[in-house]
2 protein chains.
Amino acid sequence: MKGDLLPATQATAPTGSRRALIAGFATELFHRKGYAATSMRELASVSGIEAPSLYNHFSSKETLLHEICFGMADAFVSTAQRIAAMDLPVEDRLARAIEEHLRLLFSDREAVGVFVNEWRHLSEPSLQTFKSLRSDYEQFFAGLFQEGMQKGVFRQGDPLWLGRQLLLLMNGSVHSTARPDSEALADLGRRFYSLWMHGVASPTNQPD
Amino acid sequence: MKGDLLPATQATAPTGSRRALIAGFATELFHRKGYAATSMRELASVSGIEAPSLYNHFSSKETLLHEICFGMADAFVSTAQRIAAMDLPVEDRLARAIEEHLRLLFSDREAVGVFVNEWRHLSEPSLQTFKSLRSDYEQFFAGLFQEGMQKGVFRQGDPLWLGRQLLLLMNGSVHSTARPDSEALADLGRRFYSLWMHGVASPTNQPD
DNA sequence: TCCAAACATACGAACGATCGTTCGTTCGCG
DNA sequence: CGCGAACGAACGATCGTTCGTATGTTTGGA
């Protein structure tokens with residue numbers, strides 16, 4: 001009854017966008033309740049249609065998860081490639097990587113939440129691919145730290161460990177930070193960069 | 001047939017421990033597959049009994065989650081209270097807090113995984129209590145940073161933000177770090193403390 | 001010391017609910 | 001006329017949980 005009226009007046013024009021709309025609702029639900037705890041009927045309900053109609057747009061529940069996870073993963077990886085190719089000092093490339101990672105992070109916090117927490121529900125062929133992309137991205141950050149150590153601008157340490165920790169920190173910050181405008185986001189990037197570079201000790205207290 | 005023989009020979013002694021054993025299996029499953037994606041029948045299967053028998057030990061599926069989550073939460077909060085009462089310089093209390101948090105973290109990584117990721121599936125009366133305990137613990141770390149800033153040993157910043165970020169970082173490290181022995185664990189604590197205090201920049205590169 | 005009542009723990013059967021998904025159909029737009 | 005997109009009905013599977021029951025152990029009164 002409700003689903004009849006809408007498609008009657010706007011069938012073709014928003015028909016392509018209905019798919020994207022559903023994907024958005026799915027993102028919100030997967031993020032808030034988790035993939036396994038979200039039912040197709042509930043997704044249909046918030047989308048304003050009945051459950052079987054979802055299958056006109058997505059061939060399965062996991063297809064939705066797949067699109068969300070790989071959409072974010074591709075965005076992260078391609079950004080990393082762009083920054084890696086820049087002709088900048090390594091610490092500036094780190095600052096850029098932090099900045100761009102945060103920008104992506106806050107451009108769609110719900111999708112990021114799914115990307116970070118729900119990927120394990122992907123099934124096997126996709127799961128391996130996803131892990132591989134993730135590993136690539138970690139290696140990009142590890143590479144920045146390694147290069148910085150070789151050039152003496154960073155102190156010695158485990159580059160991969162540092163890369164993973166930095167990613168962990170930024171990804172998690174999505175939960176505990178209010179939505180920033182573009183200025184607050186740049187400020188957040190500087191905070192992360194400063195915290196990571198110099199720590200919390202006051203300048204007068206820097207030992208070693 | 002299999003469940004008959006075991007209780008026949010060892011009925012009273014491990015009868016109390018069967019409960020703990022099931023809780024352990026539940027922890028492992030909730031951690032690996034997620035609470036919503038774990039069925040009572042599967043838990044029963046790995047426990048070596050049938051699903052209805054679980055209800056002789058736990059009154060519901062959520063009771064299992066409740067025990068795991070609040071068991072960890074209580075451990076964290078009581079540790080925080082112990083450290084807060086110590087008569088030590090604030091930066092040493094921070095180091096101790098990091099060390100003890102890591103010790104708890106790695107004392108039962110699976111329980112910690114459930115504690116960190118699955119608490120949202122608690123239902124309402126417990127959910128509020130859990131969030132409250134969590135907030136107490138965050139405030140403990142925030143308090144350390146705030147005190148350190150007042151005494152000039154830490155540079156200025158948002159104490160609550162810093163506390164949450166530090167917790168985020170340590171909690172997440174459970175996934176990306178191999179199981180440490182007690183020495184490696186102490187070393188990990190020093191790594192966190194140093195990273196947090198002084199950052200990654202090499203000493204010759206410390207500006208500000 | 002012995003027997004019976006009480007208890008703890010396991011089981012198979014089964015309940016109603018809900019799950020993801022398929023099917024056949026209808027209906028309006030191009 | 002065909003096609004995309006919606007629907008109701010319904011499929012088999014699985015969900016958390018309850019029930020009645022069997023069996024072994026513990027316990028307490030005669």
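All chains are named by letter (A, B, ...) in the order of the sequence lines, taking the proteins before the strands, and each is independently numbered beginning at 1.
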Side chains of residues 142-150 of chain B: which donor-acceptor pairs under 3.5 Å do they make with residues two or more places apart or in other chains?
{"unit_1": "B/E147", "atom_1": "OE1", "unit_2": "B/R93", "atom_2": "NH1", "d": "3.2"}
{"unit_1": "B/E147", "atom_1": "OE2", "unit_2": "B/R93", "atom_2": "NH2", "d": "2.9"}
{"unit_1": "B/E147", "atom_1": "OE2", "unit_2": "B/K151", "atom_2": "NZ", "d": "2.9"}

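- At least one side-chain heavy atom of A/L65 sits less than 4.5 Å from a side-chain heavy atom of A/C69.
- Rounded to a whole Å, the OH atom of B/Y55 is 16 Å from the P atom of C/dG12.
- Ring geometry for B/F141 versus B/Y137: interplanar angle over 60°, hence perpendicular rather than tilted (30 to 60°).
- Note on residues 46-72 of chain A: pairs passing salt bridge (charged side-chain N to carboxylate O under 4.0 Å, His left out), not counting sequence neighbours, are A/R19-A/E67.
- Between A/R18 and D/dG4 there is no side-chain polar atom (N or O) within less than 4.0 angstrom of OP1 or OP2.
- Of the residues in residues 58-67 of chain B, those lying under 4.0 Å from DNA chain D by heavy-atom distance are B/S60, B/K61.
- B/L166 places a side-chain heavy atom less than 4.5 Å from the side chain of B/I98.
- Judged purely by atom type and a 3.5 angstrom limit, A/T79 uses its side chain to pair as donor or acceptor with the backbone of A/A75.
- Considering only residues two or more places apart in sequence or on other chains, B/Y193 meets the ring pair (Phe, Tyr, Trp, His ring centres under 6.0 Å) condition with none of them.
- Rounded to an integer number of Å, the gap from CD1 of A/I49 to P of D/dG4 is 16 Å.
- Within residues 27-40 of chain A, the residues approached by DNA chain C to less than 4.0 Å at the level of any non-hydrogen atom are A/T38, A/S39, A/M40, in residue-number order.
- At a cut-off of 3.5 angstrom, counting only N and O atoms as typed in the model, there is no donor on one side facing an acceptor on the other between the side-chain of B/N56 and the base of C/dA8.
- Residues passing the salt bridge (charged side-chain N to carboxylate O under 4.0 Å, His left out) test with A/R41: none are found, sequence neighbours excluded.
- Between A/I22 and the options A/S53, A/S17, A/S47, a side chain to side chain contact (heavy atoms under 4.5 Å, CB included) holds for only A/S47.
- The CG-P distance, from A/L43 to C/dC19, rounds to 12 Å in whole Å.
- Of the candidates D/dG16, C/dT9, D/dG8, D/dG8 carries the atom nearest the A/E50 side chain, counting heavy atoms from C-beta on.
- For B/H57, no side-chain nitrogen or oxygen approaches OP1 or OP2 of C/dA8 to under 4.0 Å.
- Checking D/dT17, D/dA6, D/dA10 against the side-chain heavy atoms of A/R41 singles out D/dA10 as nearest.
- Distances were taken from every side-chain heavy atom of B/P52 (C-beta onward) to each of C/dA10, C/dA13, D/dA5; the shortest belongs to C/dA13.
- Rounded to an integer number of Å, the gap from A/L54 CG to C/dG20 P is 10 Å.
- For B/S53, the side-chain atoms get nearest to C/dA10 when compared with the rest of C/dC19, C/dA10, D/dT17.
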